[in-house]
Enquirer: 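One structure follows; several queries about it will come next.
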Amino acid sequence: GYVRWTQWVFLKLFERGLAFQAKIPVNWCPALGTVLANEEVIDGRSERGNHPVVRQPLRQWQLRITEYADRLAADLEALDWPESKQKQLEWIGRSEGAEVDFPLVGRPESLTVYTTRPDTLYGATYMVIAPDHRLTPLITTPVHHAEVEAYALAASRKSDMDRTALNRQKTGVFTGAFAKNPLSGASIPIYTADYVLGAYGTGAIMAVPAHDERDFEFAQTFSIPMIEVVSADGTLHDVVEKPFTGDGVAVRSGPFDGMPSATMRSNVIAHLVEQGIGKKKVNYKLRDWVFSRQRYWGEPIPVYFPVETAGDPRRGAPHTIDYSRPIAMNDSELPLLLPELDDYLPGDPQGPLVRALDWRFFERDGKWFARETNTMPQWAGSCWYYLRFLDPGNTERIFDQKAYDDWMPVDLYVGGAEHTVLHLLYARFWHKVLYDAGVVKHPEPFQKLVHQGMMLGQSFRFYAVLGDDGAVTRALDGDDPGVVHDREMGRYFIDATQEQVEPRFLAASGVAFDGGTPRHPEYGVKLVAIAEKMSKSRGNVVNPDHIVEEFGADSLRVYEMFMGPLDQVKPWQTSGIQGVRRFLDRLYTVSKKPLTDALDETTTRQLHRTVKKVTEDVDAMRFNTAISTMMIFTNHLVGLDAAPKEAVEKLALCLSPFGPHLAEEIWADLGHSTPISLADWPSYDERWCVDDTVEIAVQVNGKVRGTVALARDASADAARDAALRDENVQKFVADKSIRKVVYVPGRILNLIVG
RNA sequence: GCCGAAGUGGCGGAAUGGCAGACGCGGCGGAUUCAAAAUCCGCUUCUCGAAAGAGAGUGUCGGUUCAAGUCCGACCUUCGGUACCA
C-alpha cells in the first residue's frame, strides 16, 4: 500500500507542475554503468575501481521546492524548533537585493547581475561572469577565446570538492569585453572566474573589491582598482587595505553621497527601476530537488511517455521515446510495482529498469508507450510516513480523516540533527503541497522538534611521552595486552618503549596530560579512554542486542535516559549500565517485601516529592534527573522493613515510561489485573512537598560558617538570633559588629560584619 | 572564515543568583562468605589537620552583587554544522 500512496502523492506534485524534467550534469561512470555522487569521484576517476568518470547532462526529474522557499522560511517562525530553525533558514538562504543590467560596450546586449548591495554600485570596478554562463563565449573577444575556453573547460571538470577546497586561490581570465557601470558610466572589464557560480543569481556579478572579501582577493591578484564608496565614519580613505563589508555612509557616489547604506539601497533600486535597467529581486540558495535515481530499488515514478515505433519495442523494434511529453498514470492504475529482474545492477544511464522490456513498454489503443525507468529516492517514503502511519492498513484512501484528526499535527518530533536540512525540509515541502491539495489540514506537520544527542563509543588512546615535550597518540583496542590499572591515579597505563610508538602519530603537546604525571618520564605511555563517534573502523560500536541480552531492555532504556540530557552528545560506558541494573534490582527487591498500608511521615513526604519531581522532569524532558529522583526514593524504601503499598504503586507508575517491563511486573504483583500502561499518571499533594522547618546555611561575609534549622516563615531577627547561637558562627562574628543582615527565608542568612 | 552548542571531581553528570559536586560509575574500607561472585553498610573535589575545622576550587582575565557554575564584557579551548550563494 505504501508504494501506491507514495506514487499518489507524486501525482499530486505532477498535477500542480511541481515535478518536472531537466537535463542535469552528473558524474557518469561508463565502466560501472552508474551515476556517482561527488564524493565518489577523485580526480575524475571513480573512488571504487578507479575508472574514468565523465560529467554529462542526464535527464532527471526534479521537484520545484524553490516554489515553496518563501513559505518554508516564513512558516518556521511559529514552530517550536530549537537551533535547527536557524539552520533551515540558512539552507533556504533567502536574500533580498536587486538585479541590475550592465550594458556591454560595443554590443547590443547587457549583462544582468544580482547584488544584495546596490548601495556599492559606484564601487563596481569590474564584473565576473560564470565560466558556464550562456553569454561567456559570446562576449569573449577573439584574442581571448582560446584562453577563456580552456578555463571554462577546466572549471567544468573540477568537482565540487575541488571548488570548495580549503585555501582556494582566486583564479580567472579576462574575456576582453567591457561593460558600462550604469551609475558611474565607467567602462569596466569583464572577467570569467569560477568563484562565481552559474547556478546562483544570474550567474554574473558586479565586483566591488573595496567592500567584498572575494572581490577584494580577486582584485588584488589581478591588480584591479578599488574604490571606496561606503565609509564607516563618513571620511574618505584612499587606500583600501582590507574590504569594509559593513554598512556606513555613501561616498564617491554622486547624488547619493552622504546617504546611509540602507537608504541608498532602496533609493538606488528606485532609480534603476525608473531607468528601466534594474529591479528588486529575492534570491534563494535552495535549489530544486533532484528526485530521480538511476537504480532499481525505489518507488517507480508513475509516468510514461509516447513512443514512435513501427514494430514491437519489446521485441527490439527500433523506437524513439518522446521524453518531452510525460503522461501521468491514473489513480486507478496504481500501484506501479517494480518488475522482477535477473540482476539489479546498474548499467544504463536511465537505470536498470531499461532492461525490463515487458514491464517498460506497453501498447494502448494501438499506440506504444514507455514507462519512466528512473525511480524515486529513499526520501520519498520518509517525506510522508508520519501520515501513512496514522492509518497504515487503509486500502481505500491515503488515510482516514478521523485518524488524521485524532493524531495530527505531530506534537513532538525527536530526531537527529543531521536531518535538519534535508529530511525535515523535504517533509515540510511535501506536507505543504498536500495542504494546498486539500489532503491535510495543517500547513506544518511537526510542531516541536528536539534533536537527541548522539551516543558516542568508547575508544582508548595511548598517550606517550617522548623526552620532555612530545606526545603520541594511537587508537588502541581496549583488549590490548599489557594494560595495567594504576590505582593511585585511577587510570590505565601501558608500558611501551619509544620504538613501539609510531612516529607518524607524533604531535606536539605538553607533558602533563589530564594533570597527571606519566610514570616513566622518558618513555612512559598512558592510556586514556576517550569518546568518539561509533564506527566499525574504530571498533567501538556497541550492539544494543548484546546489551539487552546481558542487562535487559529496561536497563538499556533507563540507562540511555539516565546518561545525561536528552539533547546532548553522550559517551557510552558499559560500566554505567550496571548501576542502572542495580537500581532496577533494588526496586524489584523492595516490591517483594511484605506490603504494608502504613506510611510514615518521612516516606509520605518523599513520595509526594518524588512524584512531583518526576512529573515535572518528564514534562520538561529531563529524564536523567527524573531517574535519579526515583533512585533516591528507592534507596529510601530499601531501608524500610516493609514496603508501603501506595509508595511502591506510585513509584511503579513513575517508572513505567522508563522501564515498562519491570513496572508492569510490579504492578501485576500488587494485584492489578489491568496493565500499568493504561493506568493514570500518579498524583501528588503539594502540601507534602513543602517543609515546616528548613535547614538553611548561615554565611558570615558571604562564606558559609554553619547551618541552622528554622521555621519556614521565621523572621529575620529570629534567624539571626538562632545563627548567633552557633559556635562556629560566633567565632567569626566575635567582637565585630553586624552591619547588615541578608535573609532570604528558606534559603540563606548572610551576616555582614566588619 | 562564518553559524551553533559546550567547558564543573578519576568518569557520566546535578545545582529557580543562595551550603558546588545530587544521582550513578569507578576507587578505598568494612559486613556477609571456607573463598569468590552477587548483595548490604561507610568514606570518596583538592591541600592542611587525629578531629573540630581552615584554605583553595566550576576553561582564562575582568566586572555587577550581601552572595556568581549561574548575570555582563573580553578571550581561550573542544565538539557539531557549513563552505566562494554576490
Side-chain angles (χ1 to χ4, degrees), chain A residues 82-84 86-87 89-91 93-95 97 113-117 120 128 160 163-166 168 170 193-197 199-202 204-208 211-215 217-218 283-287 417-418 420-421 451 453-454 456 458 485-491 514-516 528-529 531 533 559 562-565 567-580 582-583 585-586 589 622 624-625 627-632 635 638-639 695-707 727-728 731 739-744 746-752:
Chain A
E83 340 79 67
S84 44
Q86 193 55 32
K87 279 188 195 160
L89 275 177
E90 280 168 18
W91 190 262
R94 183 182 198 274
S95 71
V113 303
Y114 173 70
T115 179
T116 54
R117 295 294 303 272
T120 62
V128 182
D160 287 3
R163 270 175 210 272
T164 61
L166 293 165
R168 58 212 148 209
K170 293 276 178 296
D194 63 4
Y195 82 90
V196 169
L197 309 173
Y200 181 78
T202 63
I205 62 158
M206 65 174 207
V208 186
H211 303 289
D212 182 278
E213 303 269 2
R214 298 149 300 183
D215 298 346
E217 274 175 47
F218 188 87
N283 257 333
Y284 301 93
K285 289 189 200 175
L286 187 69
R287 310 284 165 81
E418 69 275 15
T420 304
V421 289
H451 296 312
M454 204 189 341
L456 300 179
Q458 193 171 52
H485 185 241
D486 184 321
R487 290 191 167 173
E488 198 184 307
M489 299 188 57
R491 287 190 171 289
D514 295 351
V528 176
K533 203 166 167 173
Y559 176 58
F562 180 62
M563 288 170 82
D567 56 357
Q568 247 170 55
V569 169
K570 286 157 295 217
W572 176 271
Q573 284 177 305
T574 300
S575 61
I577 199 171
Q578 195 67 251
V580 164
R582 275 201 276 267
F583 153 61
D585 284 346
R586 267 204 301 277
T589 314
R622 290 185 301 248
N624 54 330
T625 49
I627 291 164
S628 92
T629 304
M630 289 187 275
M631 284 174 168
I632 294 168
N635 288 345
V638 165
E695 188 171 276
I696 67 166
V698 179
Q699 300 183 332
V700 179
N701 285 348
K703 288 204 177 254
V704 178
R705 299 301 180 186
T707 57
E727 226 173 86
N728 202 46
K731 209 167 76 190
R739 307 196 158 189
K740 188 174 171 187
V741 176
V742 178
Y743 175 57
V744 182
R747 295 244 169 252
I748 198 113
L749 175 69
N750 191 2
L751 305 174
I752 312 303

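The chains referred to below are lettered A, B, ... by the order of the sequence lines, with proteins before strands, and numbering in each begins at 1.
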Enquirer: Which whole number of Å gives the distance between the P atom of B:G69 and that of B:A15?
Expert: 16 Å
Enquirer: I'd like to check A:H451 versus A:T420 (side-chain heavy atoms, cut-off strictly below 4.5 Å). Are they in contact?
Expert: yes
Enquirer: Can any side-chain N or O of A:Y559 pair as donor or acceptor with the backbone N or O of A:G579 at less than 3.5 Å?
Expert: no
Enquirer: Check the distance between B:G13's P and A:R622's CZ and give it to me in whole angstrom.
Expert: 17 Å
Enquirer: Could you work out, with side chain to side chain contact (heavy atoms under 4.5 Å, CB included) as the rule, every residue matching A:R94, not counting sequence neighbours?
Expert: A:D70, A:E96, A:V282, A:Y284
Enquirer: Who pairs with A:S628 by side chain to side chain contact (heavy atoms under 4.5 Å, CB included), at least two apart in sequence or on another chain?
Expert: A:F562
Enquirer: Let me spell it out: for each of A:I632 and A:R287, pick the nucleotide of RNA chain B with the closest heavy atom. Which residue's pick is nearer the 5' end?
Expert: A:I632
Enquirer: Under 4.0 Å, heavy atoms only, any strand: does A:R582 hit a base, just the sugar-phosphate, or nothing?
Expert: sugar-phosphate
Enquirer: Distances under 3.5 Å only, N/O to N/O: pair up the protein atoms with those of nucleotides 1-3 of chain B.
Expert:
| unit_1 | atom_1 | unit_2 | atom_2 | d |
| --- | --- | --- | --- | --- |
| B:C3 | O2' | A:E90 | OE2 | 3.4 |

Enquirer: Enumerate all atom pairs, one protein N or O and one N or O from nucleotides 65-67 of chain B, separated by less than 3.5 Å.
Expert:
| unit_1 | atom_1 | unit_2 | atom_2 | d |
| --- | --- | --- | --- | --- |
| B:C66 | O2' | A:N750 | ND2 | 3.3 |
| B:C66 | O2 | A:N750 | ND2 | 2.7 |

Enquirer: For nucleotides 42-50 of chain B, which of its nitrogen or oxygen atoms have a protein nitrogen or oxygen under 3.5 Å away, and what is each distance?
Expert:
none

Enquirer: Let me know the distance between CG of A:N624 and P of B:C25, rounded to the nearest Å.
Expert: 15 Å
Enquirer: Could you tell me which residues satisfy side chain to side chain contact (heavy atoms under 4.5 Å, CB included) with A:Q568, sequence neighbours excluded, listed by chain and number?
Expert: A:P565
Enquirer: Where each pair must be Watson-Crick or G-U wobble with both distances under 3.5 Å, what dot-bracket representation of RNA chain B is obtained, with crossing pairs in [ ] and other-strand partners as |?
Expert: (((((((..(((.....[....)))((((((.......))))))((((....))))..(((((..]....))))))))))))....
Enquirer: When the C1' atoms of B:C72 and B:G17 are compared, how many Å lie between them, rounded to an integer?
Expert: 13 Å
Enquirer: Tell me: OH of A:Y200 to P of B:A83, nearest whole Å?
Expert: 15 Å
Enquirer: Identify, with sequence neighbours excluded, every residue that meets side-chain hydrogen bond (donor to acceptor under 3.5 Å, both in side chains) alongside A:N701.
Expert: none
Enquirer: If the C1' atom of B:A38 is compared with that of B:U33, how far apart are they to the nearest Å?
Expert: 11 Å
Enquirer: Name all residues meeting the ring pair (Phe, Tyr, Trp, His ring centres under 6.0 Å) criterion together with A:F218; count only those two or more places apart in sequence or in a different chain, and write none if there are none.
Expert: A:Y126, A:Y191, A:Y195, A:F222
Enquirer: To the nearest Å, give me how far apart NZ (A:K285) and P (B:A83) are.
Expert: 9 Å
Enquirer: With rounding to whole Å, what would you report as the distance between B:U32 and B:C23 at their C1' atoms?
Expert: 26 Å
Enquirer: Looking only at atom types and distance, does a side-chain atom of A:N750 sit under 3.5 Å from a main-chain N or O of A:G702, one as donor and one as acceptor?
Expert: yes
Enquirer: Do the non-hydrogen side-chain atoms of A:V421 and A:E90 ever get within less than 4.5 Å of each other?
Expert: no
Enquirer: Roughly, in whole Å, what's the span from CZ in A:F218 to P in B:C84?
Expert: 16 Å
Enquirer: Between B:G12 and B:G27, how many Å separate the two C1' atoms, rounded to a whole number?
Expert: 16 Å
Enquirer: Rounded to whole angstrom units, what separation is found between the CE atom of A:M630 and the P atom of B:A14?
Expert: 15 Å
Enquirer: From C-beta outward on A:M563, which listed nucleotide comes closest to its side chain: B:A86, B:G12, B:C41?
Expert: B:G12
Enquirer: Suppose you measure atom C1' in B:A86 against the same atom in B:C76; what distance do you get, rounded to whole Å?
Expert: 34 Å
Enquirer: With sequence neighbours excluded, what pairs up with A:E695 under the side chain to side chain contact (heavy atoms under 4.5 Å, CB included) test?
Expert: A:T707
Enquirer: Could you work out the separation of B:A36 and B:C28 based on their P atoms and round it to a whole Å?
Expert: 14 Å
Enquirer: If I pick the C1' atom on B:C25 and the same atom on B:G62, what distance separates them, to the nearest angstrom?
Expert: 38 Å
Enquirer: NA contact type, A:V569, heavy-atom cut-off 4.0 Å: base, sugar-phosphate, or nothing?
Expert: sugar-phosphate
Enquirer: Mind checking side-chain hydrogen bond (donor to acceptor under 3.5 Å, both in side chains) for A:S95 and listing every partner two or more places apart, or none if nothing turns up?
Expert: A:Y114, A:Y200
Enquirer: Please classify the glycosidic conformation of B:G9 as syn (within 90° of 0) or anti (everything else).
Expert: syn
Enquirer: Between C1' on B:G13 and CD1 on A:I627, what's the gap in Å once rounded to a whole number?
Expert: 13 Å
Enquirer: Check nucleotides 52-56 of chain B against the protein and report each pair of N or O atoms closer than 3.5 Å, with its distance, or say if there are none.
Expert:
| unit_1 | atom_1 | unit_2 | atom_2 | d |
| --- | --- | --- | --- | --- |
| B:A54 | OP1 | A:R705 | NH1 | 3.2 |
| B:A54 | OP1 | A:N728 | ND2 | 3.2 |
| B:G55 | OP1 | A:R705 | NH2 | 3.4 |
| B:G55 | OP2 | A:R705 | NH1 | 3.0 |
| B:A56 | OP2 | A:K703 | NZ | 3.1 |

Enquirer: Can you work out whether A:T625 or A:S95 has the more 5'-proximal nearest nucleotide on RNA chain B?
Expert: A:T625
